[in-house]
Amino acid sequence: MGPATNGTPAVRVAAVLGALVLVAGCGGQEGGTGGTEENGGGGYGSGSASATAVEPGEPEVVATGLEVPWGVAFLPDGSALVSQRDLAEIVRVSGDGAVTDVGTVEGVSPVGEGGLMGLALHPDFPDEPYLYAYHTSESDNRISRMEYDPGSGELGEAEVVLDGIPSSSHHDGGRIEFGPDGMLYVGTGDAGRSRLAQNIDSLAGKILRITPEGEPAPGNPFDNRVYSYGHRNVQGLAWDGEENLYATEFGADKLDEINLIEAGNNYGWPEVEGPGGGDEYVDPLVTWSPEEASPSGAAIAGGSLWVAALRGERLWEVPLTEDGLGEPVAHYQEEYGRLRTVATAPGGDGLWLTTSNLDALGNPVAEDDRILRVPLE
């Protein structure tokens with residue numbers, strides 16, 4: 001298959017360290033041109049296995065009037081804590097749309113794409129009553145944790161568990177998720193210094209794997225916090241039912257990516273963008289031209305991997321099958337503007353989707369920014 005045309009993404013089904021089995025169940029900056037998260041470019045691929053996409057229902061608005069909602073962390077009662085990037089504030093959003101202020105995270109310095117980004121609750125919450133936040137400070141990107149009491153709604157003092165992640169006005173990464181192993185996975189960006197992505201002693205351009213206390217997780221491939229490297233800007237992490245980890249990544253001038261992440265692998269940036277780098281680098285599973293995607297959040301539900309697209313202004317669905325990847329399908333193209341985060345709703349019967357139209361790159365409407373609920377039929 002040659003370059004993608006007419007909005008059709010390029011798909012690549014790759015074997016990584018043996019046969020890949022996918023089981024259902026589970027450019028630079030963020031706009032403009034000139035090395036940004038959303039530059040134009042071509043696509044390529046080699047076809048895909050047959051699969052049937054789920055037809056999602058009509059989205060319904062859960063909440064309005066937010067400002068760049070970035071991280072979403074669901075509480076046991078089905079409500080969610082949501083970060084607002086440029087305000088450094090967290091709100092609680094209930095299923096009926098009620099929005100309650102939770103608090104401001106200390107030490108956040110919003111600049112460009114930086115600010116208050118990913119959120120994650122400790123896997124043993126509320127017994128371990130910690131909310132984790134990835135955020136930009138005046139000197140770096142870092143992860144802080146705070147005690148959170150759902151009963152009182154009070155947010156405790158921020159305790160830094162990891163600092164020293166290089167920051168910039170762009171390429172800050174920001175997604176954090178606890179994996180099935182109870183470790184915290186962290187998607188970082190290259191902070192505009194592409195060579196750092198190939199340096200395994202740097203935290204930039206990586207997926208990190210750390211303990212809840214911020215230490216290197218046992219079994220990491222380089223005896224430090226680095227789990228995989230050669231990334232440009234990772235903002236989406238999701239696991240399927242077989243505990244395969246997928247990550248979305250912004251390309252530069254050519255190709256955005258979905259990668260299958262395995263310990264110690266080199267994903268090529270800046271030596272290669274997209275596939276074709278040879279045995280030294282791992283090829284992506286799916287590529288898009290940045291104008292089709294600029295992929296941020298990722299989630300798995302209804303037998304598909306869902307990807308929120310910023311510049312592409314659509315929700316991508318990539319069906320998962322036993323022998324490969326189905327053809328990606330675009331939903332809601334240009335209906336809601338820039339889409340930042342997609343999260344699997346409690347129970348797995350739907351998705352929460354956030355817009356990002358107030359990030360200075362969108363065209364907001366009166367209700368923006370919004371959280372949408374997407375039913376899966």
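Starting from 1, each residue takes its place in the sequence as its number.
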Inset, instruction - Flag the pair Glu157 and Arg145 as a salt bridge only when some basic side-chain nitrogen lies within less than 4.0 angstrom of an acidic carboxylate oxygen. - result: no
Inset, instruction - Ignoring hydrogens and angles, tell me if any N or O in the side chain of Asp256 forms a donor-acceptor pair with the backbone of Ser294 under 3.5 Å. - result: yes
Legend entry - Intermediate values then yes/no, side chain to side chain donor-acceptor pair (under 3.5 Å), Glu257 and Asn259: CA-CA 6 Å; Glu257 301 176 355; Asn259 286 295; 2.9 Å; yes
Legend entry - Asp77/Arg92 salt bridge by N-O under 4.0 Å criterion: yes
Legend entry - Non-hydrogen side-chain atoms of Arg314 and Glu292 separated by less than 4.5 Å: yes
Inset, instruction - Supply the atom-to-atom distance Ile371 CD1 to Leu353 CG, rounded to the nearest 0.5 angstrom. - result: 9.5 Å
Legend entry - Shared hydrophobic cluster for Phe222 and Leu203 (ILVMFWY, side-chain gaps under 4.5 Å): yes
Inset, instruction - Following the transitive rule for hydrophobic clusters with a side-chain heavy-atom cut-off under 4.5 Å over Ile, Leu, Val, Met, Phe, Trp and Tyr, establish whether Val102 and Val99 coincide in one cluster. - result: no
Legend entry - Electrostatic pair Arg338:Asp359 at N-O distance under 4.0 angstrom: yes
Legend entry - Close side-chain approach of Val286 to Val307, heavy-atom, < 4.5 Å: no
Inset, instruction - Taking the side chain as every heavy atom from C-beta outward, state whether Leu310 and Ser356 have any atom pair closer than 4.5 Å. - result: yes
Inset, instruction - Using modelled atom types only, decide if a donor and an acceptor are shared between the side chain of Asn224 and the backbone of Ile200 within a distance under 3.5 Å. - result: yes
Legend entry - Side-chain touch Ser79/Phe74, heavy atoms, less than 4.5 angstrom: no
Inset, instruction - Supply the atom-to-atom distance Glu367 CD to Asn357 CG, rounded to the nearest 0.5 angstrom. - result: 11.5 Å
Inset, instruction - On the 0 to 90° scale, with breaks at 30° and 60°, tag the His231-Tyr267 ring pair as parallel, tilted or perpendicular. - result: parallel
Inset, instruction - Would you please test Asn233 and Glu113 for side-chain contact (heavy atoms from CB on, under 4.5 Å) and show each step? - result: CA-CA 11 Å; Asn233 195 16; Glu113 296 171 18; 4.1 Å; yes
Legend entry - Thr136 side chain vs Ser109 backbone, donor-acceptor pair below 3.5 Å: no
Legend entry - Any donor-acceptor N/O pair, Ser304 side chain to Trp306 backbone, under 3.5 Å: no
Inset, instruction - Return the orientation label for the Phe178 and His122 ring planes: parallel under 30°, perpendicular over 60°, tilted otherwise. - result: tilted
Legend entry - Residues Asp369 and Arg340 bridged, charged N to O under 4.0 Å: no
Inset, instruction - May I ask you to decide if His135's main-chain N or O and Arg85's side chain share a donor-acceptor pair within less than 3.5 Å? - result: no
Inset, instruction - Enter the distance from Leu116:CG to Trp70:CH2 here, rounded to the nearest 0.5 Å. - result: 10.0 Å
Inset, instruction - Carefully, step by step, assess Tyr130 and Glu147 under the rule side-chain contact (heavy atoms from CB on, under 4.5 Å). - result: CA-CA 5 Å; Tyr130 294 111; Glu147 290 193 15; 3.6 Å; yes
Legend entry - Pair Asp149-Ser152, side-chain donor/acceptor within less than 3.5 Å: yes
Legend entry - Path from Tyr332 to Val342 over hydrophobic side-chain contacts below 4.5 Å: yes
Legend entry - Shortest non-hydrogen contact from Asn141 toward Pro166: ND2-O, 3.2 Å
Legend entry - Backbone N/O of Ser168 and side chain of Arg193: donor-acceptor pair under 3.5 Å: no
Inset, instruction - Show the numbers, then the answer: is there a side-chain contact (heavy atoms from CB on, under 4.5 Å) between Ile176 and Val186? - result: CA-CA 5 Å; Ile176 58 175; Val186 182; 4.0 Å; yes
Inset, instruction - Examine distances only and state if a side-chain atom of Glu243 and a backbone atom of Pro180 form a donor-acceptor pair shorter than 3.5 Å. - result: no
Inset, instruction - Indicate yes or no for a side-chain donor-acceptor contact from Gln84 to the backbone of Val91 under 3.5 Å, with no hydrogens or angles considered. - result: no
Legend entry - Same apolar cluster: Val68 and Leu66, side chain cutoff 4.5 Å: no
Legend entry - Close side-chain approach of Pro295 and Ile258, heavy atoms under 4.5 Å: no
Legend entry - Shortest non-hydrogen contact between Ala73 and Leu121, atoms and distance: CB-CG, 4.1 Å
Legend entry - Ile261 side, atom CD1; Leu245 side, atom CG - distance, nearest 0.5 Å: 5.5 Å
Inset, instruction - Give, for atom OH of Tyr148 and atom CD1 of Ile90, the distance between the pair rounded to the nearest 0.5 Å. - result: 9.0 Å
Inset, instruction - Tell me yes or no: between the side chains of Thr341 and Arg175, is some donor less than 3.5 Å from an acceptor? - result: yes
Inset, instruction - Could you tell me whether the side chain of Pro270 reaches within less than 4.5 Å of the side chain of Arg195, counting heavy atoms only? - result: yes
Inset, instruction - Taking atom CD of Glu154 as the centre, report whether more than 12 heavy atoms of other residues, nucleotides or ligands fall under 6.0 Å from it. - result: no
Legend entry - Leu75 and Phe125, any side-chain heavy atoms less than 4.5 Å apart: yes
Inset, instruction - Indicate yes or no: at least one non-hydrogen side-chain atom of Tyr132 is less than 4.5 angstrom from one of Ser144. - result: no
Inset, instruction - Over all heavy atoms of both residues, which pair between Thr248 and Ala298 is shortest? Give the atoms and the distance, please. - result: CG2-CB, 4.0 Å
Legend entry - Connected hydrophobic set around Val111, excluding itself, where side chains approach under 4.5 Å: none
Legend entry - Distance-only polar pair, side chains of Asp190 and His171, donor-acceptor under 3.5 Å: yes
Legend entry - Donor-acceptor contact present, side-chain Lys206 to main-chain Asn199, <3.5 Å: yes
Legend entry - Short side-chain to backbone donor-acceptor contact, Asn220 and Arg209, under 3.5 Å: yes
Legend entry - Closest non-hydrogen atom pair between Pro56 and Glu317, with its separation: CD-OE1, 4.4 Å
Inset, instruction - Kindly give the heavy-atom pair with the smallest separation between Trp269 and Ser194, and that separation in Å. - result: NE1-CB, 3.5 Å
Legend entry - Asn266 versus Glu280, closest heavy-atom pair with distance: CB-O, 3.9 Å
Legend entry - Separation of Met183 CE from Glu215 CD (nearest 0.5 Å): 11.5 Å
Legend entry - Connected via hydrophobic side-chain network under 4.5 Å: Leu372 and Leu315: yes
Legend entry - Derivation and outcome, side-chain contact (heavy atoms from CB on, under 4.5 Å), residues Glu313 and Tyr336: CA-CA 7 Å; Glu313 296 189 358; Tyr336 301 101; over 6 Å; no
